[in-house]
Amino acid sequence: MNAINELKANVAQPFEQARAMPPAVYTSPDFLAREISDVFAQDWFCVGRASALPNAGDYVTHELAGQPIMVIRRNDGTLHAQSNVCLHRMSTLLQGRGTTRSIVCPYHAWTYNLDGTLRGAPAMTLNENFCKDAYKLPKVKCQEWLGWVFVSLNADAPNVADQLKDVEGLIDGYDMESYTETFFETHVWDTNWKVLAENFMESYHLPVCHAGTIGGLSKLEEMVCPPGLPAFNYHTILKDDTLKIAMAHKNNTRLKGEMRRTTFLLAIYPSLLITLTPGYFWYLTLHPEGVGKVRIGFGGGMAQDYADDEDAQKHFKALKTLLDDVNIEDRGCTEKVYQGLCSSFASPGHLSHLERPNYDFANYLNDRIQAGEANRG
Ligand code: FES
Ligand SMILES: [Fe+2]
């Protein structure tokens, strides 16, 4: 297929000569089908923060690589993922997010316990072969790491913590696990999921795309873009104390020197994008809904150090308003990129040194697609 070969040729260039990924990688339905089977059905997908599901029965649903799944906190306090498809005539069960004491199918009310076993089913006593104990919702892999909840359809997926231990080294002292989510929203934008992911991976666009909000605070010369690692890439920017809650709290003695005002922009493959400042975090978790549509989970909150600081909580509310405005700007830019990518004039230009993470992402994507090709033989 063209897009696969074009991507392979694209990443064969060294970074110093690299260009943006070819348009077909973003616009081809066949390539998207490979991304679903070779990326989203293989790797770990983040559904959000564990702290958003504190009590038994709290759940979140998702359609992962075409599979309806749920993540639910069981009565024993642990989080588990399982199929969200009824074992009777196969309706989906739960919708969206919420909390429930049991899982009741909206079609004929077969009712499951939180652990996926069937509790009861009305008017089934006359079917001689029906045995309630033979029914249990299939399990899906689910792991927590530093407060994040990941699911994978791939039974052989390596442990999240092993894949991401280098992230832990980088952000040691931020104590990301203790950050508490205070908002979570879902959005759908008219762009390819990778356009939005790549937009996050570079801060090159900040001064211009975000001229109306944070652009003036962004200094290109203070952006550091090291080479990525196999499971993620990152870059850092520095904030000054015009935004106090982005600084390490005075009680935070873990972070020293410039780290106290360093923001990490972590892109955990395929699609968890975290902005981590010493005081707050926000994130996007992306899933394609078609070549030109992306479903976005958007959440964030504050570091534990600021939990008792009322002023800071007020400032965070103001920050959320700012982030919403920043998102409107990003939406404009990324939807325009997708429109451009669909043009017959679309032709990838060279990458800036500030787009190093984008190059690493292209390599990751190519590796996954090539592995899928090899498996199919
Ligand atoms: S499809 Fe779920 S109870 Fe019938
Ligand atoms: Fe942006």
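For ligands, and for the atoms within them, numbers begin at 1 and follow the listed sequence.
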Note: ligand 1 atoms sitting under 4.0 Å from heavy atoms of Met90 are 1 (S)
On a heavy-atom basis, the closest approach of Asp115 and Lys136 is O-CE, 3.2 Å
Should you measure from each heavy atom of Trp110, which atoms of ligand 1 turn up under 4.0 Å away? 3 (S)
Of all N/O/S atoms in His88, the name of the one nearest atom 4 (Fe) of ligand 1: ND1
What residue among Leu93, Val85, Asn84 forms side chain to side chain contact (heavy atoms under 4.5 Å, CB included) with Leu137? Leu93
How long is the gap from CD on Glu198 to CG on Asn358, to the nearest 0.5 Å? 5.0 Å
Angle, NE2 of His210 through the Fe ion (ligand 2) to NE2 of His205 - 10° precision: 100°
Atom 1 (S) of ligand 1: nearest protein contact (heavy atom, Å): Arg89 N, 3.2 Å
Partner of Thr334 under side chain to side chain contact (heavy atoms under 4.5 Å, CB included), chosen from Asp190, Asn192, Val195: Val195
Which single N/O/S atom of Asp330 lies at minimum distance from the Fe ion (ligand 2)? OD1
Rounded to the nearest 0.5 Å, what separates atom NZ in Lys139 from atom NZ in Lys141? 9.5 Å
The Fe ion (ligand 2) to nearest N/O/S of Glu329 less than 2.8 Å: no
Minimum heavy-atom distance Lys132-Arg119, with the two atoms named: CD-O, 3.2 Å
Heavy-atom contacts with Cys86 under 4.0 Å: which atoms of ligand 1 show up? List them by number with element. 1 (S), 2 (Fe), 3 (S)
Looking only at N, O or S atoms, find the one in His108 nearest to atom 4 (Fe) of ligand 1 and name it. ND1
Check each of Cys105, Ser91, Pro106 against atom 2 (Fe) of ligand 1 and report the one with the nearest heavy atom. Cys105
What one should report as the nearest heavy-atom pair of Leu354 and Pro357 is O-CD, 4.1 Å
